[in-house]
Number of protein chains: 2
Amino acid sequence: MPQKVMDRRVERTRRSLQNALGQLIMEKGFEKITVQDVIDRANVGRSTFYAHFESLDQLLLSGFEPLRAQFEDFLSGTEYDNESPWALSLTMFQQVQKQQGGYITLTHVQKYLYGYLLDHLKTALPKRNKNIPPELLAHYVASSFIALMTWWIDNNYPFPAEKMNELFRQLVEPGTLAIMMGE
Amino acid sequence: MPQKVMDRRVERTRRSLQNALGQLIMEKGFEKITVQDVIDRANVGRSTFYAHFESLDQLLLSGFEPLRAQFEDFLSGTEYDNESPWALSLTMFQQVQKQQGGYITLTHVQKYLYGYLLDHLKTALPKRNKNIPPELLAHYVASSFIALMTWWIDNNYPFPAEKMNELFRQLVEPGTLAIMMGE
DNA sequence: TATGTTTCTGAACATCGTGTTCGGTTATAC
DNA sequence: GTATAACCGAACACGATGTTCAGAAACATA
């Protein structure tokens with residue numbers, strides 16, 4: 001939970017680090033980035049970095065915080081039913097699209113979104129089925145979502161969020177319905 | 001291409017390193033493994049490791065070589081048609097199952113299999129479609145495959161390969177057909 | 001069994017990234 | 001204007017990487 005009033009310097013430092021990380025992820029991918037890279041780009045002292053974050057992973061996570069809060073809100077105000085997975089995926093497409101040019105990157109999506117969707121699906125999907133284990137079904141749906149989202153971001157958002165969600169549903173729903181009914 | 005006759009010591013060293021890596025992947029995951037871990041486990045000198053492989057990635061890749069060769073064979077003897085993607089996926093399920101207890105791990109699957117399937121799909125799938133970009137479709141199918149494969153290995157091969165491939169097809173085919181026909 | 005060749009060993013070394021510490025400097029809030 | 005909080009940056013210990021080299025061991029051959 002953020003302080004009511006935050007020292008300008010703190011805000012400036014954190015923003016700067018987040019932006020630097022975002023840029024570097026685009027340039028060379030998260031795995032190849034060092035703390036040195038980030039603090040050089042952000043013009044921040046080494047000790048300052050560690051005063052704010054205990055690792056690059058923490059810094060990465062901090063940039064995802066705004067979206068995380070939105071999804072929490074969304075989920076706490078939603079009933080679980082047959083439509084809720086599609087509503088959640090639509091929200092995710094929309095929110096990510098809105099962040100274009102911000103510091104939300106593919107790395108954020110792949111690292112955090114998958115888990116959110118999976119958790120939701122595990123409770124939203126029917127629990128018992130003789131044709132397929134429910135966790136497998138959840139994995140399949142969540143993976144498919146991430147695949148579409150990854151392609152979408154990689155290709156620079158060629159379609160609007162609504163169209164992506166439609167594609168997602170058209171691809172995934174028929175098979176899942178078929179397998180739940182039995183062949 | 002392996003030598004006709006290989007010095008016993010070379011064979012022993014390489015096997016030992018591959019096995020050590022396989023064990024360590026199961027124990028703590030590929031990302032957390034260091035060269036030191038591997039050579040300690042394998043009882044091999046530091047300089048020996050670097051005489052054989054130039055990195056952990058190379059060592060990992062070397063263990064996948066047998067499977068890679070099989071898939072090359074399979075693909076070079078197969079016509080591209082509507083059935084070939086399912087035949088390839090079945091082969092992959094079967095070959096991975098056969099390697100149970102060998103040094104093929106989840107890491108191998110996720111790092112190499114995806115690329116193989118994707119390449120095949122890009123040529124095997126119909127090239128033009130007004131409803132969905134072909135590369136997106138290929139990504140979706142390949143990701144779904146990896147999702148099922150991952151679950152299967154994670155849960156210790158609860159079903160035979162044939163059943164997994166059937167599930168894969170039942171989940172993926174209806175949606176892809178529907179979207180190719182137009183809604 | 002003797003010989004020449006290949007492989008393995010292990011210690012030493014340079015290099016790089018991490019995470020911490022601390023005395024000194026600067027910006028901010030009031 | 002002053003007390004306080006944040007930032008700086010140099011120094012340090014640590015651990016992993018990748019290379020080098022001289023000596024020991026295993027191998028193929030005859």
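Residue numbering restarts at 1 for every chain, and letters A, B, ... go by the order of the sequence lines.
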Measure CD1/A:Ile39 against P/C:dT18 and give the value in whole Å, please. 9 Å

Under 4.5 Å between any side-chain heavy atoms of A:Glu166 and A:Gln170, yes or no? yes

Ring pair (Phe, Tyr, Trp, His ring centres under 6.0 Å) contacts in which one or both residues fall within residues 71-91 of chain B, not counting sequence neighbours: B:Tyr80-B:His120, B:Trp86-B:Phe168

Test item: A:Ser76 side-chain N/O and A:Asp73 main-chain N/O as donor-acceptor pair under 3.5 Å: yes

Can you find a side chain N or O atom of A:Tyr50 that sits less than 4.0 Å from OP1 or OP2 on C:dT20? no

Do A:Leu137 and B:Leu171 have side chains that approach each other closer than 4.5 Å (heavy atoms only, starting at C-beta)? yes

Quickly work out the B:Phe49 CZ to D:dT20 C1' distance and round it to whole Å. 17 Å

Give the B/S/- string for nucleotides 4-13 of chain D, one per nucleotide from 5' to 3', where a protein heavy atom under 4.0 Å of the base yields B, of only the sugar-phosphate yields S, and otherwise -. -BBSBB----

Any side-chain heavy-atom pair from A:Ile153 and A:Met149 closer than 4.5 angstrom? yes

Assess the pair A:Trp152 and A:Tyr157: is the distance between their ring centroids shorter than 6.0 Å? yes

Between A:Asp37 (CG) and C:dG17 (P), how many Å, whole number? 8 Å

Under 3.5 Å: donor-acceptor pair, side chain of A:Asn129, backbone of A:Ile132: yes

Sequence neighbours left out, what passes ring pair (Phe, Tyr, Trp, His ring centres under 6.0 Å) with B:Tyr116? Give chain and number order. none

Quick one: A:Lys32 NZ to C:dC16 P, roughly how many Å, whole number? 17 Å

Expressed as a whole number of angstroms, how long is the span from B:Asp40:CG to C:dG10:C1'? 13 Å

Using a cut-off of 6.0 Å, state whether more than 12 heavy atoms not belonging to B:Asn155 lie near its atom CG. yes

Test log, rule side-chain contact (heavy atoms from CB on, under 4.5 Å), inputs B:Met92 and B:Phe145: CA-CA 10 Å; B:Met92 286 179 165; B:Phe145 172 78; 3.6 Å; yes

Selection residues 28-67 of chain A - residue pairs positive for ring pair (Phe, Tyr, Trp, His ring centres under 6.0 Å), sequence neighbours left out: A:Phe64-A:Tyr112

Residues touching DNA chain C, which here means a heavy atom under 4.0 Å, drawn from residues 53-63 of chain B: none

Mind listing the residues from residues 19-26 of chain A sitting with a heavy atom below 4.0 Å of DNA chain D? Number order is fine. none

